[in-house]
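Encoded as structure tokens, the structure appears first; notes follow it.
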Amino acid sequence: METNPEIVGTESELEGRSLSLFPYSESIDEEPAKVRIFVLDAQPLLRQGISTYLNSQPDMMVCGEAGSVADARRTIAECQPQFVVTALRLGAGDSLKLIRELKNQNPGLCVLVYSAFEENIFAERAIRAGASGYVMKQAASEKLATAVREIMKGGIYVSRELALSAFRKSLQRHRKDNHTLRSGNCLEELSNREMHIFQLLGSGLGTKQIAASLDLSVKTIESHRENIKHKLRLRSSGEVRERATKWVEQNLSREDHIFRRGGSPTEVLSVAPVTTET
């Protein structure tokens, strides 16, 4: 009788090769592990829509949700997610600070920020805080899943437009006169803390209220407000508040438009790979 040279060997050697001889084993019926995702957004309907969309993906599952930074701090440890999808508009809570805390506690945790706020101002801040991507809420919903998969593979995800903008800026930095770059958008000059206070001022909060919400002294808030005034080249605190109010109204109206437009709330979420406190 002829023997098959490919399987000749001792009994122990054959045992070691048994899986390769039978490629269609029971293991093919096992589904790959799904990415455990935690969703953080202050708007319940939008949060539910995001969760429903992510749960519809074959390789993803939402293991927990929260509507505020405080709730997220309490529940993320219990859910033990691999991935956090978080909005930036979360009341007085500082979501950039939360991202830094989460990454310090668990460096392997992946974080994706999605927001209606201008990507050119907030994407780099989010990535410096520890996030691995930024998706605008105006983008198509499937881009959210694409971003999650890209980040899980070790990539960084931002829009193509932002990637091109960052490339242009890197070229401009080589110029001796960078006046054009600096005058493009003064808000980019604000630190994360200053940007947060600017947002709260524009939301109608007074100095004492902001101090209480951020657990800082009134004097500290006033100092930050003065820095904001100088960086934005404004003449008074009143002009700071007026500028902040207009900025918040523009951004909130943009987000409100996205949230109210026809179709499923999942259709509120275009993006490609890049990288990067004050």
State the [atom1]-[atom2] distance between [X] and [Y], to the nearest 0.5 angstrom.
{"X": "Leu112", "Y": "Thr86", "atom1": "CG", "atom2": "OG1", "answer": "9.0 Å"}
{"X": "Thr207", "Y": "Leu201", "atom1": "OG1", "atom2": "CG", "answer": "6.5 Å"}
{"X": "Ser203", "Y": "Trp247", "atom1": "OG", "atom2": "CH2", "answer": "8.5 Å"}
{"X": "Ile228", "Y": "Leu187", "atom1": "CD1", "atom2": "CG", "answer": "9.5 Å"}
{"X": "Ile127", "Y": "Ser132", "atom1": "CD1", "atom2": "OG", "answer": "8.0 Å"}
{"X": "Arg74", "Y": "Ser68", "atom1": "CZ", "atom2": "OG", "answer": "6.0 Å"}

Look at the side chain of [X] and the backbone N and O of [Y], then say whether any donor-acceptor pair between them is shorter than 3.5 Å.
{"X": "Arg36", "Y": "Cys79", "value": "yes"}
{"X": "Asn106", "Y": "Leu102", "value": "no"}
{"X": "Arg241", "Y": "Ser236", "value": "no"}
{"X": "Gln209", "Y": "Leu205", "value": "no"}

Measure the shortest side-chain to side-chain distance between Glu189 and Arg233 over non-hydrogen atoms and say whether it is less than 4.5 angstrom.
yes
Is the shortest side-chain heavy-atom distance between Phe122 and Val113 below 4.5 Å?
no
Can you confirm whether Glu226 is buried at CD, in the sense that more than 12 heavy atoms of other residues, nucleotides or ligands lie under 6.0 Å from that atom?
yes
Could you tell me whether Lys97 atom NZ has more than 12 heavy atoms of other residues or ligands within 6.0 Å of it?
no
Pair Arg100, Asn192 - check side-chain contact (heavy atoms from CB on, under 4.5 Å), show working.
CA-CA 12 Å; Arg100 286 193 292 271; Asn192 289 342; 3.7 Å; yes
Indicate the atoms forming the closest heavy-atom contact of [X] with [Y], along with that distance.
{"X": "Leu200", "Y": "Ser213", "value": "CD1-OG, 4.1 Å"}
{"X": "Tyr157", "Y": "Lys143", "value": "CE2-O, 4.1 Å"}
{"X": "Ile99", "Y": "Ala129", "value": "CG2-O, 3.6 Å"}
{"X": "Ala147", "Y": "Val135", "value": "CB-CG2, 3.8 Å"}
{"X": "Lys103", "Y": "Val111", "value": "CD-CG2, 4.3 Å"}
{"X": "Glu142", "Y": "Tyr53", "value": "CA-OH, 2.9 Å"}

Show your working on side-chain contact (heavy atoms from CB on, under 4.5 Å) between Ile76 and Gln105 and close with a plain yes or no.
CA-CA 11 Å; Ile76 284 181; Gln105 294 166 4; over 6 Å; no
Val62 vs Val85, test: side-chain contact (heavy atoms from CB on, under 4.5 Å). Steps then yes/no.
CA-CA 10 Å; Val62 175; Val85 175; over 6 Å; no
Arg243/Glu239 salt bridge by N-O under 4.0 Å criterion:
no
Do NZ/NE/NH1/NH2 and the carboxylate oxygens of Glu65 and Arg47 come within less than 4.0 Å?
yes
Please lay out, stage by stage, how Asp41 and Ile50 fare under the test side-chain contact (heavy atoms from CB on, under 4.5 Å).
CA-CA 9 Å; Asp41 193 293; Ile50 296 298; 5.9 Å; no
Determine the sole option in Gln57, Met61, Gln82 for which the side-chain contact (heavy atoms from CB on, under 4.5 Å) test with Val35 is passed.
Gln82
Matching residue for Val240 among Leu232, Ile197, Leu234 - test: side-chain contact (heavy atoms from CB on, under 4.5 Å)
Leu234
Among Lys153, Lys34, Arg149, exactly one meets salt bridge (charged side-chain N to carboxylate O under 4.0 Å, His left out) together with Asp59. Which residue is that?
Arg149
